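Read through the structure below, which is laid out as structure tokens, and then see the notes.
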Amino acid sequence: VVHEAVNHLINHNPPGFHLYVSTRSDPPFALSKKRLLGEVIELRTVQLAFTEKETAGLLAYKTGEEPDSAVIRKIWQQCEGWPALICLLAHSFKDEPFSKQAGQKAIHSYVEEEIICQLSPVLRDFLLKTCLFEQLSIELCTDMLAQPSVRESFEALVRDQLLLPTQTGFYRYHPVIADFLKAKPSDQSSTQRMDLHREAARWFERHGLLHQAVEHDLQGGNGARAVENVLRLGWETLQKGDADRVLSWCNQLEHLIGKPVREVAELKGFALLQEGKLEEAERVLNDLATVRAVLASAMIARYYGQYETVERVASTALMSSVNLDSVLRCQIELQLGMARLYDRRVLAAEQILSQALNHAEYIGHLHLILATTIALSAVFHNRGDYDRSIAMLERSLVIGGKEVTAETISTRLRMGQLLLETGHFTKASEILEKSLRDGERIVSPEVLAYGYIIHARKARVEGNLTQAAEDHQIANGLAPKGG
């Protein structure tokens, strides 16, 4: 009755009338026409969520202390900017400053009293059974639960904004709600939960979503299937720079299977290399008499500046392995070329890197084409051939497409440096400023520091010493050891 009365008021309101409605879920009002006429202003979760900076300000105001930036980032990510939760955490920190246990207790109490207890028993049961899944859809839940009310429950939770849409077309629970549900005692046995994970893994695999399938196979204890899919996905995932995920998979597999698997060890070794953990990578890869282990040895030797070792190991592998896998051949050539470049053997580096680029283009391996193109740009820069060096960087950006990645930001910064060195100040300025803006949350602090150092050089050339000093200060804050 109330909803009908409000709906009537919305459609038959006097001039100058304003109605404010605050609600957790979408109200059952006919608003389509009003939206079309621009007569509705909606503030949804995205607009109401606090930014990281706002979270820091609220915590400082409520606690009277300036929290550490790492604590702020963790709280912001956990709460996803939910103001009520941030306030609760701040209040709980008064007795135990920034205590994880105190904060979790306060949040769990709020979630239980204000959200879970307000739901029907059917919805509470649905929440507890589906909190195992990181990503949800009506189809997945229908297949997993085999209950007649699945669709109604799912739609009700979406309407109440307890299920949030993701960019992949699935839904997920807010991290705080998921944590609460997972911590709550369940009627399901561990065997039942593992069976659910295995069913989910099969569902995701049938739908071509292998990353999700791997996660559920690992949770469901299906080691053999998890190994198969990790090896299918691992190298591609590494090429995209996601070493954390690969390491997580490999470590879980080791724990699950209880014995080493050579192919998984290779994958783990390269993931450790990508993370810069050279000693751990060496320990993992030392006992593997494989071509990939040879490649890893070359990479480790190059990181340590042992260029003669790289030359010996890589040249031997290239000459002795007639039927060498094309991708591995190209990767070894790339390591050899980079070692020669760092050893100031520029012409020899150009020769092997050109060969690597030809191989990469022949097999159509985009990641290797990009890597060798950027390496050749460095070769031409060392030879003083700036035009060819810039041309190679421009080529790599075209190949990389429009997606903004850590690799494209690094390439742009490099191009900005070269343009600055060749007197193209306006173009250098545009590229550097855009790269620093886009790279704020994408590249590592060290790469960002490098960008600010180049930007400081530009400022000095322009006579803007104040800006140059500010840039150096930021660079030192990002990477003090390298500042």
Side-chain angles (χ1 to χ4, degrees), residues 49-61 65-74 76-77 81 241 276 341-342 370 373-375 377-398 400-483:
F50 275 30
T51 62
E52 188 174 345
K53 187 176 180 181
E54 289 167 339
T55 299
L58 181 58
L59 285 170
Y61 174 74
E65 296 183 33
E66 194 69 39
D68 180 79
S69 59
V71 173
I72 293 168
R73 169 64 62 89
K74 193 169 183 179
W76 177 64
Q77 289 175 339
L341 177 61
Y342 293 151
L370 284 170
T373 300
I374 292 168
S377 170
V379 167
F380 295 135
H381 182 223
N382 271 267
R383 281 176 41 190
D385 192 342
Y386 287 91
D387 288 342
R388 287 184 76 184
S389 183
I390 292 170
M392 294 303 279
L393 291 178
E394 287 174 338
R395 180 176 186 265
S396 73
L397 289 172
V398 170
K402 294 182 179 179
E403 186 183 0
V404 179
T405 63
E407 201 167 48
T408 57
I409 295 294
S410 299
T411 304
R412 279 197 225 153
L413 290 172
R414 177 76 175 147
M415 184 182 288
Q417 178 187 353
L418 292 179
L419 289 168
L420 190 62
E421 290 177 7
T422 52
H424 297 86
F425 300 123
T426 303
K427 193 172 180 182
S429 180
E430 289 173 1
I431 287 175
L432 287 170
E433 285 169 15
K434 181 171 173 53
S435 301
L436 290 173
R437 197 165 54 246
D438 292 346
E440 194 68 41
R441 292 190 180 181
I442 297 175
V443 298
S444 67
E446 290 77 16
V447 172
L448 210 54
Y450 161 68
Y452 276 105
I453 288 168
I454 303 302
H455 197 264
R457 289 182 195 169
K458 177 193 78 74
R460 279 203 306 275
V461 169
E462 294 170 341
N464 190 346
L465 300 182
T466 304
Q467 181 64 57
E470 286 178 8
D471 288 338
H472 272 296
Q473 189 174 4
I474 293 171
N476 285 329
L478 288 164
K481 289 182 181 177

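Fair warning: this is a prediction, and the values are worked out from it, not measured in the lab.
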For residues Y452 and H472, establish whether the separation of their ring centroids is below 6.0 Å.
-> no
In Å and rounded to the nearest 0.5 Å, what is the CD1 to CG distance from I474 to L448?
-> 9.0 Å
Q473 atom CD: more than 12 heavy-atom contacts under 6.0 Å = no
Pair T466-N464, side chain to side chain contact (heavy atoms under 4.5 Å, CB included): steps then yes or no = CA-CA 6 Å; T466 304; N464 190 346; 4.0 Å; yes
For L465 and R460, the nearest pair of non-hydrogen atoms, with its separation, is CD2-CG, 4.2 Å
Looking at residues at least two apart in the chain, or sitting in another chain, which of them share a side-chain contact (heavy atoms from CB on, under 4.5 Å) with R73?
-> E52, W76, Q77
Salt bridge present between D438 and R412 (N-O < 4.0 angstrom) | yes
T408 side chain to V404 backbone, donor-acceptor under 3.5 Å = no
Closest non-hydrogen atoms of A56 and I72, given as atom of the first, atom of the second and distance, are CB-CD1, 3.5 Å
For the atom pair CG (N382) and CG (L341), what is the distance rounded to the nearest 0.5 Å?
-> 5.0 Å
Show the atom names and distances, to 0.1 Å, of all donor-acceptor pairs under 3.5 Å that link a side chain in residues 423-430 to residues at least two apart or in another chain.
residue: H424; atom: ND1; partner: T422; partner atom: O; Å: 3.4
residue: H424; atom: ND1; partner: T422; partner atom: OG1; Å: 2.9
residue: S429; atom: OG; partner: E433; partner atom: OE2; Å: 3.2

Closest heavy-atom pair and its distance - T411, I374 | OG1-CD1, 3.4 Å
For A475 and I453, the nearest pair of non-hydrogen atoms, with its separation, is CB-CG1, 3.8 Å
Would you say the side-chain atoms of Q417 pair up with the backbone N or O of R414, donor to acceptor, closer than 3.5 Å?
-> no
Under 3.5 Å, is there a donor-acceptor pair between the side chain of S389 and the main chain of Y386?
-> no
Separation between CG (L418) and CE (M392), nearest 0.5 Å, reads 12.5 Å
I would like to know whether H381 and E421 meet side chain to side chain contact (heavy atoms under 4.5 Å, CB included); could you show each step before the answer?
-> CA-CA 11 Å; H381 182 223; E421 290 177 7; 3.1 Å; yes
Which atom of S377 lies closest to which atom of L393, heavy atoms considered | OG-CG, 3.2 Å
How close do S410 and V447 get, heavy atom to heavy atom, and via which atoms?
-> OG-CG1, 3.6 Å
Output for pair (L413 CG, L436 CG), nearest 0.5 Å, gives 6.0 Å
Applying side chain to side chain contact (heavy atoms under 4.5 Å, CB included), run through R388 and R383 and close with a yes or a no.
-> CA-CA 10 Å; R388 287 184 76 184; R383 281 176 41 190; 4.2 Å; yes
Criterion side chain to side chain contact (heavy atoms under 4.5 Å, CB included) on Q467 and D471, from CA distance to verdict | CA-CA 6 Å; Q467 181 64 57; D471 288 338; 3.0 Å; yes
Can you tell me how far CD1 of I409 sits from OG of S435, rounded to the nearest 0.5 angstrom?
-> 5.0 Å
